[in-house]
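Throughout, a chain's letter reflects where its sequence line sits, starting with A, and its residues are numbered from 1. Just so you know, these numbers come straight off a predicted model, no measurement behind them.
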2 protein chains.
Amino acid sequence: MADDTATEARILDAAEAVFVRRGVDGARTQEIADEAGVNKALLHYYFRTKERLSEAVFRRIAGAFFPRIIAAFSADEPVAERVRRVVEIETEFLRRHPFLPGYLLGELRARPEAMKTLVRTLLPIDAMRETVRQNLQAALDAESAAGRMRPVRAERFVVDLMSWLVFPYAARPMIELILGLEGDAFEAFLAERNATLADGFLRSLAP
Amino acid sequence: MADDTATEARILDAAEAVFVRRGVDGARTQEIADEAGVNKALLHYYFRTKERLSEAVFRRIAGAFFPRIIAAFSADEPVAERVRRVVEIETEFLRRHPFLPGYLLGELRARPEAMKTLVRTLLPIDAMRETVRQNLQAALDAESAAGRMRPVRAERFVVDLMSWLVFPYAARPMIELILGLEGDAFEAFLAERNATLADGFLRSLAP
DNA sequence: GTCTATACGGCGATAGAC
DNA sequence: GTCTATCGCCGTATAGAC
């Protein structure tokens with residue numbers, strides 16, 4: 001075992017774990033090597049530099065994170081159903097990757113232009129944007145025309161829902177500290193919250 | 001001019017600027033010295049280490065950020081008024097310090113235990129927590145008993161409102177990228193959003 | 001208090017053996 | 001493809017002159 005592709009994958013997994021918990025600047029290549037069960041020289045063999053390794057990790061994460069969300073927002077379903085779908089997909093994803101929002105936000109903050117460029121080469125940004133602006137906006141306009149919802153811009157709709165979904169994970173240490181929701185209490189709090197989040201969100205848009 | 005306290009303050013201001021835009025790990029003491037118009041040796045003279053300097057900066061920022069928000073949440077006013085107050089205070093503060101959420105979240109993520117300890121020595125966490133749990137929860141319970149609002153836990157109330165307020169700033173590069181709201185368009189988007197944010201939030205809690 | 005110059009350590013990168 | 005050993009830079013910390 002431990003052929004080349006398996007080793008490369010192990011390094012990538014280890015790098016993801018370390019980058020996600022320490023940030024790229026705070027991460028040490030030694031720690032990545034330890035976590036992968038190899039030595040630093042192999043990181044160089046496979047990825048050449050820490051910079052390139054971090055880009056590979058970011059690519060993998062961003063590629064898994066964004067497309068499904070955009071798809072759910074733009075699915076050909078009633079607005080209420082899309083909201084429930086986004087909530088469902090996102091809560092499931094975040095349950096498995098709770099520290100990922102902090103990582104993504106941290107990287108985009110530390111190296112905004114580099115990361116933006118990276119995402120642009122990775123995802124069909126323009127197409128995604130158009131889908132949101134056309135498809136989602138049309139659905140929202142139809143709802144408001146029918147008097148079932150107040151008028152709202154698609155951009156705001158997306159930002160507001162994503163704020164509720166993502167922020168608690170990114171701010172977890174702060175919430176634990178200020179509100180005294182440590183460990184399991186925090187998890188329980190989020191689970192309960194997630195169950196009623198879609199309804200609350202839709203109510204905020206009631207006519 | 002340039003007596004000792006002025007120099008120390010200039011270093012602190014410079015450090016804040018650099019830490020906020022690069023994160024502590026990404027910051028170089030040389031850049032802080034340049035921005036303060038002094039040399040690296042003086043940083044050591046006043047603050048001994050980069051670590052201590054970062055703690056001083058964090059203290060100043062956290063001390064300015066949290067107390068006013070907690071006070072607004074717990075003010076002796078109707079719930080709707082408190083919400084509008086929190087929104088007003090927070091939007092004004094964030095307008096002047098738009099990169100601060102990213103900094104705070106980043107530090108609490110990179111060094112959660114150290115930062116938590118620091119905040120505990122800085123703020124009366126337990127008292128703040130009790131105020132939220134007692135005072136705010138009582139106000140929310142009264143509203144729901146009167147049929148003006150659905151029942152909600154104070155913790156959730158706080159997290160949901162803060163999510164809407166803070167997340168767009170922390171996620172600014174991502175929002176600019178995905179939704180195509182660059183520069184001024186982003187500012188305009190937020191200004192418009194902030195104006196109706198309190199009402200939308202209260203609607204989400206309608207009975 | 002403020003500067004110049006330097007010591008020191010750590011980390012990423014790499015050479016070279018197997 | 002994987003290892004051991006080592007290099008060289010860069011950033012923080014510090015000594016010492018003014």
With a 6.0 Å cut-off on the ring centroids, do A:F99 and A:Y169 count as close?
no
Is there a side-chain polar atom (N or O) of [X] under 4.0 Å from OP1 or OP2 of [N]?
X: A:R28; N: C:dG12; value: yes
X: B:R48; N: D:dT14; value: yes
X: B:H44; N: D:dT14; value: yes
X: A:Y46; N: D:dT2; value: yes
X: B:T7; N: C:dG1; value: no

Spacing between [X] atom [atom1] and [N] atom [atom2], to the nearest angstrom:
X: A:E8; N: D:dT2; atom1: CD; atom2: P; value: 10 Å
X: B:L43; N: C:dG1; atom1: CG; atom2: P; value: 15 Å
X: B:Y45; N: C:dC3; atom1: OH; atom2: C1'; value: 13 Å
X: B:F47; N: D:dG11; atom1: CZ; atom2: P; value: 21 Å
X: B:R10; N: C:dG1; atom1: CZ; atom2: C1'; value: 12 Å
X: B:I11; N: C:dG1; atom1: CD1; atom2: C1'; value: 10 Å
X: B:D25; N: D:dT12; atom1: CG; atom2: C1'; value: 14 Å

Report the distance from atom CG of B:L140 to atom CZ of B:R150, rounding to the nearest 0.5 Å.
13.5 Å
Here the gap from B:M174 atom CE to B:L177 atom CG, rounded to the nearest 0.5 Å, amounts to 8.5 Å
Modelled atom types, side-chain donor and acceptor of A:R156 and B:T196, under 3.5 Å
yes
Hey, can you tell me if B:Y103 and B:F58 have their rings parallel, tilted or perpendicular (30° and 60° cut-offs)?
tilted
Near-strand residues of residues 29-42 of chain B, defined as heavy-atom separation under 4.0 angstrom from DNA chain D
B:T29, B:K40, B:A41
Taking the side chain from A:Q137 and the backbone from A:A154, do they hold a donor-acceptor pair closer than 3.5 Å?
yes
Flag the pair B:R52 / B:T49 as yes when at least one side-chain heavy-atom distance between them is below 4.5 Å, and no otherwise.
yes
